[in-house]
Amino acid sequence: MDEPTRLRARSWRHKFKDALRGTRRAVRRESSFFVHLFAACAVLAAALALGATLAEWCLLILCICGVLTAEMFNTAFETLAKAIDREYNPHLRDALDMGSGAVLLAALGASAVGAIIFIHRLASLLGW
């Protein structure tokens with residue numbers, strides 16, 4: 001069976017297994033992904049402790065998923081770039097910098113949303 005046919009014939013179970021394998025590899029290989037995952041756990045703990053509303057939970061989870069997704073794509077870009085060329089390549093450098101910029105933008109946006117939610121929660125709890 002040729003490669004494209006083999007890929008089309010894969011079951012959903014195999015697709016999920018591969019996706020989970022990729023996620024595990026990103027967590028284990030990329031320190032930035034682990035740092036974002038740790039920050040996500042801290043945000044979830046803070047939301048629980050501060051009594052976030054349903055809408056706030058949704059926003060926080062959406063932001064967390066956005067940052068982790070951006071980091072996963074950036075990790076994939078880095079892995080692909082290493083497979084393409086291990087020598088200095090200005091085009092690959094630019095692409096990798098753009099991927100890192102995407103992660104930074106997602107993290108800054110998520111931080112802004114988190115700050116707004118948590119400052120509002122703290123202000124409500126402290127009666128400000």
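Since we're looking at a predicted model, the values are computed, not measured.
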Closest non-hydrogen atom pair between C63 and A110, with its separation: CB-CB, 3.7 Å
Transitive ILVMFWY side-chain link M72 to V103, under 4.5 Å: no
L62 with L37, same ILVMFWY side-chain cluster at under 4.5 Å: no
L59-L50 co-clustered via ILVMFWY side chain contacts under 4.5 Å: yes
From T79 atom OG1 to E30 atom CD, the distance as rounded to the nearest 0.5 Å: 8.0 Å
Salt bridge (Lys or Arg N to Asp or Glu O under 4.0 Å): pairs with one or both residues in residues 99-114, sequence neighbours excluded: none
D97: partners by side-chain contact (heavy atoms from CB on, under 4.5 Å), with sequence neighbours left out: R93
Exceeds 12 heavy-atom contacts within 6.0 angstrom, atom CZ of F38: no
Straight-line distance of I84 CD1 to L80 CG, nearest 0.5 Å: 4.0 Å
Pairwise distance CG(L44) to CG(L48) - rounded to 0.5 angstrom: 8.5 Å
Approximate separation, where rounding is to 0.5 Å, of L125 CG and H120 NE2: 10.0 Å
Same apolar cluster: L68 and V113, side chain cutoff 4.5 Å: yes
Pairs involving residues 51-71, ordered by first then second residue, that meet side-chain hydrogen bond (donor to acceptor under 3.5 Å, both in side chains) (sequence neighbours left out): H36-E71, T53-E56, E56-R121
Cluster check M98, L105: I/L/V/M/F/W/Y, side chain < 4.5 angstrom: no
Nearest-0.5 Å distance that lies between atom CD1 in I64 and atom SG in C41: 8.0 Å
D85 side, atom CG; L92 side, atom CG - distance, nearest 0.5 Å: 6.0 Å
Crowding at CZ, F73 (>12 non-hydrogen neighbours, <6.0 Å): no
F118 side chain near V43 side chain, heavy-atom distance below 4.5 Å: yes
Taking every non-hydrogen atom, the tightest pair across A106 and V67: O-CG2, 3.4 Å
